[in-house]
Asks: 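Take a look at the following structure, please.
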Amino acid sequence: MRESALHATCAAYRVVEPLGVAADDFEPVLLDYVLGILAATHDPAALPVVERFLRHPHPEVRRVAAEEVKELRRGRESARATAGGSPGVRRICSA
């Protein structure tokens with residue numbers, strides 16, 4: 001069951017990954033939603049995408065990015081704890 005949940009999480013990021021690729025072209029008001037969607041996947045692959053917005057010129061985007069980075073890091077720590085700290089999470093998501 002745990003492995004199925006990990007597969008679902010990884011698949012979720014793959015579905016929304018194009019948002020991260022195109023995010024630089026979005027208006028700041030839309031970035032709040034895009035960053036939230038990316039973070040909601042809890043996929044470690046989303047972390048560098050969201051982190052790049054920590055240097056965005058708009059303070060509100062930087063604030064939201066900081067919140068979502070925390071969310072992604074919490075999710076990564078939870079996944080490690082759930083998977084017993086094994087590298088299986090990374091293996092499954094990279095498959």
Asks: Quick one: which residue pairs count as a side chain to side chain donor-acceptor pair (under 3.5 Å) with a foot in residues 59-72, not counting sequence neighbours?
Replies: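 Residue pairs with at least one partner in residues 59-72: His42-Glu71, Glu60-Arg63, Arg63-Glu67, Glu71-Arg74.
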Asks: side-chain contact (heavy atoms from CB on, under 4.5 Å) with Ala46: which residues, sequence neighbours excluded?
Replies: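 Testing Ala46 for side-chain contact (heavy atoms from CB on, under 4.5 Å), a comparison that skips the adjacent residues, returns Tyr13, Leu38, Thr41, Leu72.
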Asks: Would you give the length of the straight line joining atom NE2 of His56 to atom CG of Leu35, rounded to the nearest 0.5 angstrom?
Replies: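 Here the rounded value is 8.5 Å.
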Asks: Output side-chain donor-acceptor pairs under 3.5 Å for residues 15-33, partner residues at least two apart or in another chain, one line each.
Replies:
from: Asp24; atom 1: OD1; to: Arg52; atom 2: NE; distance (Å): 3.4
from: Asp24; atom 1: OD2; to: Arg52; atom 2: NH2; distance (Å): 3.4

